[in-house]
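Predicted, not measured: the structure shown is a model, and the values here were computed from it. For this chain, numbers begin at 1 and follow the sequence in order.
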Amino acid sequence: MSIFGGRVVLVTGAARGLGRDYVRYFAEDGASVVVADVKDTKAAAAEAAAACSDPNARSLGLELDVTSRASVEAVVARVRAEFGRLDVLINNAGLWRGLADAKLLDCPDEVWDAAWNVNVTGSLRCFQAAVPLMAEHGWGRIVNISSMAARSGSDAYGLTKSTVENMTRGMAKEAGPLGITVNCIAPGISAFEAAGSQLPNADAVVAGNVIKRFGTSRDLYAAMTYLCQPSGDWVTGQVLRVDGGAGLA
């Protein structure tokens with residue numbers, strides 16, 4: 001059997017970028033995947049369906065706004081109706097463009113509020129909605145996504161991600177007795193994020209890594225695979241830094 005055969009995986013922020021790759025990889029490894037994003041989920045869901053290695057698995061694209069409790073609960077209710085279970089939640093939805101320049105002294109209210117609503121509160125809402133369905137089967141894996149920026153916490157983005165890391169420990173403590181692990185991956189700069197002018201200082205950051213290259217979606221998926229397979233059964237409340245040794249060089 002493929003490594004995620006029979007599992008149902010929900011990935012938020014999955015219609016583009018790294019999230020789009022994650023759902024395809026989970027499908028290749030046999031999972032039924034739920035592609036959840038604010039829009040444009042159809043193409044990503046079709047890609048996942050085409051990539052799926054298990055004939056019994058399915059792909060479903062759903063509109064999800066993590067800033068809305070009603071939207072989050074509706075998505076989990078649809079997962080329950082379609083699959084009857086939820087095994088893995090990847091809390092990937094997040095805002096980052098422009099946030100690294102949002103310094104604390106002059107950060108506009110709308111930028112600050114959007115960052116916290118999506119990156120922190122959105123992850124919490126998805127956790128709250130997913131845990132009861134996972135608990136019905138006594139097993140679940142939740143992976144939150146942080147960032148190398150969490151270590152400094154000197155801007156709006158870094159602060160939200162350091163909060164996600166601390167929140168992961170609280171989530172793990174509450175969900176553990178239900179058979180659910182909660183961990184966090186803190187990526188370095190990926191090739192996707194470095195593309196074009198999205199991160200003009202990306203090359204300088206990579207020069208400070210021990211491993212002199214950008215990360216890939218496969219690097220991050222490998223960490224998810226470790227945490228979501230039986231290999232991660234006794235690992236919870238942890239932050240796994242997948243960043244090429246950022247800051248060690």
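In terms of modelled atom types and a separation under 3.5 Å, the side chain of Ser68 and the main chain of Asp65 share no donor-acceptor contact. Judged purely by atom type and a 3.5 angstrom limit, Asn209 has no side-chain atom pairing as donor or acceptor with the backbone of Lys212. With His137 contributing its side chain and Leu86 its backbone, the two residues share no donor-acceptor pair below 3.5 Å. Side chain of Thr160 to main chain of Val120: no donor-acceptor pair is present (N/O by atom type, distance under 3.5 Å, no hydrogens or angles). For the pair Thr236 (side chain) and Val182 (backbone), a donor-acceptor distance under 3.5 Å is present. Side chain of Ser147 to backbone of Ala186: no donor-acceptor contact under 3.5 angstrom is found. Within the 3.5 Å criterion, the main-chain N or O of Val8 finds a donor-acceptor partner in the side chain of Asp87. For the pair Lys161 (side chain) and Ile145 (backbone), a donor-acceptor distance under 3.5 Å is present. A donor-acceptor contact shorter than 3.5 Å is absent between the side chain of Asn91 and the backbone of Val143. Listed for the Asn183 side chain is no donor-acceptor partner under 3.5 Å among the backbone atoms of Asn144.
A salt bridge links Glu28 with Arg218: at least one charged nitrogen is closer than 4.0 Å to a carboxylate oxygen. Checked for salt-bridge contact, Asp219 and Arg213 meet the test: a charged N lies under 4.0 Å from a carboxylate O. Looking at Arg241 and Glu165, a side-chain N of the basic residue comes within less than 4.0 Å of a carboxylate O on the acidic one, giving a salt bridge. Between Arg85 and Glu136, no side-chain nitrogen of the basic residue sits less than 4.0 Å from a carboxylate oxygen of the acidic one, so the salt-bridge criterion is not met. The existence of a salt bridge linking Arg141 and Asp233 is confirmed by a sub-4.0 Å separation between a basic side-chain nitrogen and an acidic carboxylate oxygen. Looking at Asp37 and Arg16, a side-chain N of the basic residue comes within less than 4.0 Å of a carboxylate O on the acidic one, giving a salt bridge.
Residues Gly237 and Arg169 come closest through the heavy atom pair O-CG, 3.4 Å. Looking at every heavy atom in both residues, Ile185 comes nearest to Pro187 through O-CD, 3.3 Å. Residues Cys52 and Ala57 share a closest heavy-atom pair of SG-CB, 3.2 Å. When every heavy atom of Ser146 is checked against every heavy atom of Ala150, the shortest pair comes out as OG-CB, 3.5 Å. Looking at every heavy atom in both residues, Val66 comes nearest to Ala93 through CG1-CB, 4.1 Å. Minimum interatomic distance between Ala45 and Gly61 (heavy atoms only, all atoms of both residues): CB-N, 3.8 Å.
Counting heavy atoms from C-beta outward, Ile90 and Thr12 have side chains that stay 4.5 Å or more apart. When side chains are defined from C-beta on, Cys126 does not count as touching Leu124, because their heavy atoms never get closer than 4.5 Å. Side-chain contact check for Arg7 versus Ser32: every heavy-atom pair is 4.5 Å or farther apart. Two residues are said to be in side-chain contact when any heavy atoms from C-beta on lie closer than 4.5 Å; Leu227 and Thr181 fail this criterion. Side-chain contact between Tyr157 and Asn119 is present, with at least one heavy-atom pair separated by less than 4.5 Å. Counting heavy atoms from C-beta on, the side chains of Val131 and Leu178 come closer than 4.5 Å. Asp243 is listed as a side-chain neighbour of Arg151, based on a closest heavy-atom distance under 4.5 Å. By the 4.5 Å heavy-atom criterion applied to side chains, Leu60 and Phe83 are counted as neighbours.
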For this session: Just do the side chain to side chain contact (heavy atoms under 4.5 Å, CB included) check on Trp116 and Leu95 with the steps written out, would you?
Result: CA-CA 9 Å; Trp116 286 86; Leu95 290 179; over 6 Å; no
For this session: Go through the steps to decide whether Ile3 and Thr225 satisfy the test side chain to side chain contact (heavy atoms under 4.5 Å, CB included), and finish with yes or no.
Result: CA-CA 9 Å; Ile3 60 175; Thr225 300; 3.8 Å; yes
For this session: Test Phe214 against Ser190 for side chain to side chain contact (heavy atoms under 4.5 Å, CB included), laying out the working first.
Result: CA-CA 5 Å; Phe214 296 118; Ser190 72; 5.8 Å; no
For this session: Any chance you could lay out the side chain to side chain contact (heavy atoms under 4.5 Å, CB included) test for Leu62 and Val34, step after step, and finish with the verdict?
Result: CA-CA 7 Å; Leu62 297 177; Val34 181; 3.8 Å; yes
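Among Val35, Leu89, Val23, the single residue meeting the side-chain contact (heavy atoms from CB on, under 4.5 Å) criterion with Val11 is Val23.
Summarising the geometry, atom CD belonging to Gln238 is positioned 10.5 Å from atom SG belonging to Cys184; distances are rounded to the nearest 0.5 Å. In this structure, OG in Ser59 is found 12.5 Å from NZ in Lys42, a value given to the nearest 0.5 Å. Distance check, rounded to the nearest 0.5 Å: OG1 of Thr67 to CZ of Arg125 gives 6.5 Å. Here Leu220 contributes atom CG and Leu240 contributes atom CG; the two are 9.5 Å apart, rounded to the nearest 0.5 Å. Between Leu64 atom CG and Leu10 atom CG the span is 7.5 Å, to the nearest 0.5 Å. Atom CD1 of Ile180 sits about 10.0 Å away from atom CH2 of Trp139, to the nearest 0.5 Å.
Taken together through direct or relayed side-chain contacts under 4.5 Å among Ile, Leu, Val, Met, Phe, Trp and Tyr, Trp234 and Met134 form parts of separate hydrophobic clusters. Cluster membership for Val242 and Val88, using ILVMFWY side-chain heavy atoms within less than 4.5 angstrom, is shared.
The local environment of CD in Glu63 is sparse, with at most 12 non-hydrogen atoms from other residues, nucleotides or ligands closer than 6.0 Å.
Sequence neighbours left out, the pairs with a member in residues 25-61 that pass ring pair (Phe, Tyr, Trp, His ring centres under 6.0 Å) are Phe4-Phe26, Tyr25-Tyr221, Phe26-Tyr221.
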